[in-house]
Amino acid sequence: MRKTALECVHRLAQHDKRVLFIGSDLGHGVLDKMKNELPDQFFMEGVSEQYIIGMAAGLAMEGFIPYVNTIATFLTRRCYEQVAVDLCMHDLPVRLIANGGGGVYAPLGPTHLAIEDIAIMRALPNMAVVAPCDADEMNRLMMSTLEWPHPIYIRLARGGDPIVSKDDLGFELGKSIKMKDGADGLFVTTGVMTQLALEAADVLKAKGVDVGVLHVHTIKPFDIGGVISAIESVKAVVTVEEHIVNGGLGSAVLESCSELRPELLPKISRIGIPDKFATEYGSQSSLLKHWGITSDNLVVAMMKKLGG
Amino acid sequence: MADKKLDARSKKLRSIVVDALKSNGGGHIGSSMSTIEILRVLYDSILKFDASLPSLPNRDRFILSKGHGCLALYSVLADKQFFPVEELQTFCKPTSKFGGHPERGKVPGVEASTGALGHGLPIGVGIALALRMKESESRVFVLTGDGEINEGSNWEALMAAAKHKLSNLTVLVDYNKVQSYGRTSDVLDLEPLVDKLRSFGFVTEEVDGHDVDALELIFKKLPFKNDSPSAVVCHTVKGMGLPFAEGNSEWHHKSGLTELDFQNMYEIFS
């Protein structure tokens, strides 16, 4: 997914001189091809995220479209004031490509785990927050970023994730995608949790329970209409995210229903990372298991919500 | 001593600050008074701009990174007719363009919204890079406070400006040696400041920040070198022109000013 995202930046830059790539201190050889081909549009600025965000803002003020890439925690926690003031307050078209959303960097411990990035980015006016589910969708997202006039936070997963998105379902920033219809229940998901939900939906189908999957790739601006419409037609809803339960996708769903359709609230439950920093290392999948974010638990949560 | 240095124009610009302050009853007085001559010389003799077309592409960019000193900038911009001076009577009123920190898009001539400290220089580096890529001859000037450069983001940006050899970027430091709590030497000593800036790759000069002739002379030499960014450490006096406020951290920001306070200030600048 990251490889696709960066290759997209290269492709965009080939056709549009406004497009710039800015990295902090990324792995050796990252985007070498772009660096060699378009050296004026490639920047590697060192471990200095506060400065990099301000620099990107200055470039955007002058008409450029910077794509900034580094590890998600350093692109959010480290330079939050710069993101808020320099990018969001000035409402500039800078794109933040954040490596390792959720538990991707499990072996590196809690300093490197982006567990609350969606919540803190979503809190900022003018910021769009997007978590694609696979590399194909990343490609569609990146191609649609060029003319979006506001800042965008793009959350990357581990990479090598199974391709589940479909070109014919299209992609529009701010519009959720029904990946699977289901008459009984609905998983509302974002990022690669969509894969997990599709897996759980298959298990449920084998049990005779018909559950759909609504993929909310854009958590902000939130597709209130699409989400509520999907929720109102089923008996039970489980939101699933690789993110702390407070402030992310599940919160966005509950907030929208609370404001517009409070009678829908009882049918919704949330699955996400518990409200604490990670206490284990291991792998992304072992951490997800530790957090209770597994296909089995999705099945159990859905059955419970359906009264089964 | 200080008063001797202030000519009629410096007093007039300060009286515009006092007028705006009066409408709000207070503000960052000391922080504004120290920068008047720096701004005056920049706008009188150095910066390219058209006040009637503040977004003209070939303008020079000035960023007041120490946004709390905005009253001085508002005064100079009004004097240069970016907007009618009477508008400053709305300072800090609910629907005013003119807040306690300057905002891009609200105030004509303001390039960046500042106030949170340590933001102007990184943004200035980005603008300077952009101008160079566009083969523009426009230059970027960033005025920082001294307390402000406690923020690490400035030093990240200084390193980057040197790496990119941004000769179109000049950093000006309003070195009045007093920050909100007290003397900079006590709170977080910046010395040896000039050596630090030089070691970060900036060709750096020092000047009396209230000496109009000296400021003009040194600013006209910019850039000091064709392949390096420049810095000018301007030695200033916090609260310059107001004897009771000079060098006094209590006047960094002042609220609850009385009619008598304003009378005193008007008399000094009359």
Is the shortest side-chain N to carboxylate O distance from [X] to [Y] below 4.0 Å?
{"X": "B:Asp174", "Y": "B:Lys66", "answer": "yes"}
{"X": "B:Lys106", "Y": "B:Glu103", "answer": "yes"}
{"X": "A:Glu7", "Y": "A:Arg2", "answer": "no"}

Most contacts with chain A, counted as non-hydrogen pairs under 4.5 angstrom, among B:Gly105, B:Ser153, B:Gly118, B:Ser113: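 So the answer, after comparing B:Gly105, B:Ser153, B:Gly118, B:Ser113, is B:Ser113.
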
Which of B:Arg104, B:Arg61, B:Met159 touches chain A most, by non-hydrogen pairs under 4.5 Å: B:Arg104

Shortest non-hydrogen contact from B:Phe224 toward B:Ser230: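 Shortest heavy-atom separation between B:Phe224 and B:Ser230 comes out as N-OG, 3.1 Å.
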
Verdict with reasoning, A:Asp91 to A:His150, per side-chain hydrogen bond (donor to acceptor under 3.5 Å, both in side chains): CA-CA 5 Å; A:Asp91 198 8; A:His150 315 288; 2.9 Å; yes

Close contacts, residues 73-90 of chain A versus chain B, judged by heavy atoms under 4.5 Å: A:Glu81, A:Gln82, A:Val85, A:Asp86, A:Met89, A:His90

Within residues 9-30 of chain A, residues adjacent to chain B where the heavy-atom gap is under 4.5 Å: A:Leu20

Test log, rule side-chain hydrogen bond (donor to acceptor under 3.5 Å, both in side chains), inputs A:Gln284 and A:Glu242: CA-CA 10 Å; A:Gln284 182 183 19; A:Glu242 190 178 353; 2.8 Å; yes

Whether B:Phe91 and B:Tyr74 hold their rings parallel, tilted or perpendicular, with breakpoints at 30° and 60°: perpendicular

Evaluation steps, side chain to side chain contact (heavy atoms under 4.5 Å, CB included), between A:Ile97 and A:Met142: CA-CA 10 Å; A:Ile97 303 173; A:Met142 291 298 286; 3.9 Å; yes

Chain B interface, residue from A:Ala56, A:Pro66, A:Gly46, A:Gly58 that has the most non-hydrogen pairs under 4.5 Å: A:Gly58

Segment of B:Glu111 engaging chain A (4.5 angstrom heavy-atom cut-off):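 When you check distances to chain A, only backbone atoms of B:Glu111 fall under 4.5 Å.
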
Side chain / backbone / both / neither for B:Ala128 at chain A, heavy atoms under 4.5 Å: neither

Engaged part of A:Glu49 at the chain B interface, taking heavy atoms whose separation is under 4.5 Å: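 Only the backbone of A:Glu49 comes within 4.5 Å of chain B.
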
B:His253 and B:His68 aromatic centres sub-6.0 Å: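 B:His253 vs B:His68: aromatic centres not under 6.0 Å.
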
Separation of A:Leu141 CG from A:Thr218 OG1 (nearest 0.5 Å): 7.5 Å

Approximate separation, where rounding is to 0.5 Å, of B:Leu129 CG and B:Asn168 CG: 8.0 Å

Check: B:Arg59 side chain, B:Pro54 main-chain N or O, donor-acceptor pair, under 3.5 Å: yes

Sidechain-backbone polar pair: B:Ser96 side chain, B:Phe98 backbone, donor-acceptor under 3.5 Å: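 Yes, because the side chain of B:Ser96 sits within donor-acceptor range (under 3.5 Å) of the backbone of B:Phe98.
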
For A:Lys33, side chain to side chain donor-acceptor pair (under 3.5 Å) partners two or more places apart: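 With neighbours one apart ignored, the set is empty.
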
A:Thr145 and A:Tyr67: CA distance, side-chain angles, deciding distance, side-chain hydrogen bond (donor to acceptor under 3.5 Å, both in side chains) verdict: CA-CA 10 Å; A:Thr145 55; A:Tyr67 287 72; 2.7 Å; yes

Residue-level interface, residues 133-148 of chain B with chain A, non-hydrogen cut-off under 4.5 Å: B:Met133, B:Lys134

Residue pair B:Lys238 / B:Ser249, side-chain heavy-atom distance below 4.5 Å: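 Result no, sub-4.5 Å side-chain heavy-atom pair not found.
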
